[in-house]
Structure formats: structure tokens, C-alpha cells
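So the structure is just underneath, and the comments pick up after that.
As the structure is a prediction and not an experimental result, all values here were calculated from the model. Residue numbers run from 1 in the order of the sequence given.
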Amino acid sequence: MTSAVAFLPADHIARPPTRGEGWGLVALVVGALLWSAIAPKDRLTWFMEVVWVIVGLPVVMLAWGRFPFTRLLCWLLAAHALVLIYGGAYTYAETPLGFWLRDLFGFERNPWDRVGHLMQGFVPAILARELLMRCTPLRRGGWLVYLVLAAALSFSALFELIEWWAALLFGADADAFLATQGDVWDTQWDMFLCLCGAIVSLLLWSRLHDRQLGLVTAR
């Protein structure tokens, strides 16, 4: 008998976070968000960076009863939120941790925005993979990899368009949000690093992700 891949229903996965773990991640993200809101370096930049968290967290929580995420994806989303919040609090070009990385590795600029764009591929790649695996007939293979990478690059391109619109709308007030730091190739670097992050994420997490989704082999 030939083997086939069987999938659990979209509302049931093998390994969601425990209730305490899930609320712990929510508390961590909300606490960081409140900390960042007290006295951000630039209020406009802070809002444009953390709006993804402000909108995304309630959406995930409201949909949880019908569509819980895997434990892996929840931890990755929380990590991505913390990167965004930290960058928003200080602006990406002036994060203390970014200056530490610059001095440690001898970079010419604060690299925190590079970290942010790596995460822009690293985390959405698993989000896209989970949605495609659970909401479409798509199976593991080349098409899944292609569409996940395409989704990550599409999100990166959308973010670059948002930066362009912000520059047109706010002018010099949006400089901290753009975080180009004088690099004429900043947009290209952003999209390239997003692609790199997505590729690394698929290589690193795909097998664990499959187990947490509850994929089984029927014989």
C-alpha cells in the first residue's frame, strides 16, 4: 500500500504551547511594549515599529480558540515582537545592543535594523509555512518552499513600500524609521537579509515544525 501524508484539522495541532507558557509569552510581549511606550526616543518611530505588535497580538489571541499556533511559531512570534519593540524604543540606528554588536564585530554602522530584517524573513517564513500547511492542500516539497520564500519576500517588499510612503508623508520626521544610516543600498540589503532569514529558518525548523503540526504517515 502506498503511503500518504495525513494532516490534522486546522483547529487541532500536536504541540501548541501550554496555557501557562502561552500567557507567559503574552505577558513578556505586553510588558516589553509598555516599557517601550514610557519614553521612546522618537514617538512616531516607536508607533510605526510596534504597530505590528499592537495589531497582531490581539488578532492571534482572538483567533486562538479556532486556530491555535504551534509552540515553535508562538516563541518565534514573541522573539520577533521583542526585536521590533526594542528597535522602536531606541530607533534602530541607536539601539544600545546594536552599538555593542557594531563594536564587537567591527561593523561600520549600528546593525540592529539588519537584525530586524533577518527576523522579517526568519519568523514570517514559519508563519507562512504553518498557514499554507493547515489552510491549503499544499504538501511538503518544492512548491511549499517556493511559496514560503515568496511570501517572506512579499512582506519585505510591502515593508519597503511602507517606508517609502512614510518618507513621502512625514518627510524628515520619518528618517529614524527608515534607518538607512546613509547606505544607498539599504533597501536591497533589507530584502536580501529577509530572504536569507527565511532560508535559514526553513533549514533549521522544518522538521521540528512538522512534528509540532502533527504530521503523520499513513500506511
Side-chain angles (χ1 to χ4, degrees), residues 13 15-37 40 45-61 63-64 67-102 104-105 110-133 148-149 151-153 155-156 158-159 179 190-213:
I13 52 178
R15 192 69 184 275
T18 65
R19 183 178 181 85
E21 186 179 11
W23 281 111
L25 291 174
V26 170
L28 176 64
V29 172
V30 171
L33 188 61
L34 292 175
W35 161 80
S36 71
T45 299
W46 172 83
F47 177 75
M48 289 192 291
E49 296 293 356
V50 305
V51 67
W52 306 96
V53 182
I54 294 172
V55 173
L57 182 58
V59 169
V60 171
M61 295 180 69
W64 192 262
F67 202 92
F69 286 155
T70 58
R71 184 184 192 191
L72 171 65
L73 181 55
C74 289
W75 278 93
L76 289 176
L77 288 172
H80 196 183
L82 294 178
V83 170
L84 292 172
I85 291 168
Y86 188 68
Y90 291 99
T91 76
Y92 277 80
E94 298 187 46
T95 53
L97 185 54
F99 286 131
W100 177 79
L101 291 172
R102 182 198 64 184
L104 179 65
F105 294 104
N110 187 314
W112 195 253
D113 66 313
R114 306 299 198 207
V115 174
H117 284 282
L118 272 171
M119 291 294 285
Q120 195 178 72
F122 192 80
V123 177
I126 300 302
L127 174 60
R129 190 177 193 272
E130 185 150 328
L131 294 176
L132 288 170
M133 295 283 273
V148 166
L149 296 180
L153 278 175
F155 182 70
S156 179
L158 173 63
F159 197 82
D190 290 349
M191 291 188 289
F192 173 69
L193 289 170
C194 174
L195 176 61
C196 290
I199 292 172
V200 170
S201 189
L202 289 180
L203 291 173
L204 186 63
W205 299 122
S206 289
R207 289 191 178 185
L208 175 62
H209 193 219
D210 287 343
R211 292 197 297 271
Q212 294 195 2
L213 285 170

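Residue Phe192 places its CZ atom among 12 or fewer non-hydrogen atoms of other residues, nucleotides or ligands, all under 6.0 Å distant.
Rounding to the nearest 0.5 angstrom, the gap separating the CG atom in Leu202 from the CZ atom in Phe122 is 9.5 Å. The distance from the CG atom of Leu149 to the CG atom of Leu153 is 7.0 Å, given to the nearest 0.5 Å. The distance from the CH2 atom of Trp112 to the CZ atom of Phe99 is 12.5 Å, given to the nearest 0.5 Å. Separation of atoms CG (Asp190) and CG (Asp113) is listed at 6.0 Å; rounding is to 0.5 Å. Taken from CE in Met48 to CG in Leu84, the straight-line distance is 13.0 Å, to the nearest 0.5 Å. We find the CZ-CZ distance between Arg15 and Arg71 to be 4.5 Å, quoted to the nearest 0.5 Å.
Across all their heavy atoms, Phe69 and Cys74 have their closest contact at CB-SG, 3.8 Å. Across every non-hydrogen atom of Ala152 and Gly121, the tightest pair is CB-CA, 4.4 Å. Taking every heavy atom of both residues into account, Ala81 and Val29 meet most closely at CB-CG1, 4.0 Å. Shown here for Ser36 and Trp46, the closest heavy-atom pair between the two residues is OG-NE1, 2.8 Å. Shown here for Pro124 and Met119, the closest heavy-atom pair between the two residues is CD-O, 3.2 Å.
Here the rule is side chain to side chain contact (heavy atoms under 4.5 Å, CB included) with Leu33, and of Leu28, Ile85, Leu82 only Ile85 fits it.
When atom types are taken as modelled, the side chain of Glu130 and the backbone of Leu73 share no donor-acceptor pair closer than 3.5 angstrom. A donor-acceptor pair under 3.5 Å is absent between the side-chain atoms of Ser201 and the main chain of Gly197, judged by distance alone.
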Report task. Check step by step if side-chain contact (heavy atoms from CB on, under 4.5 Å) holds for Phe67 and Leu131. Result -> CA-CA 10 Å; Phe67 202 92; Leu131 294 176; 3.9 Å; yes

Query raised in the report: Under the side-chain contact (heavy atoms from CB on, under 4.5 Å) criterion, do Leu76 and Leu127 qualify, and how do the steps go?
Result: CA-CA 9 Å; Leu76 289 176; Leu127 174 60; over 6 Å; no

Query raised in the report: Could you go step by step and tell me if Gln212 and His209 meet the side chain to side chain donor-acceptor pair (under 3.5 Å) rule?
Result: CA-CA 5 Å; Gln212 294 195 2; His209 193 219; over 6 Å; no

**Report entry** side-chain contact (heavy atoms from CB on, under 4.5 Å) assessment of Gln120 paired with Val83
**Finding:** CA-CA 10 Å; Gln120 195 178 72; Val83 170; over 6 Å; no

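Between Trp35 and Tyr86, the ring planes lie parallel to each other; the angle is under 30°, not in the 30° to 60° tilted range.
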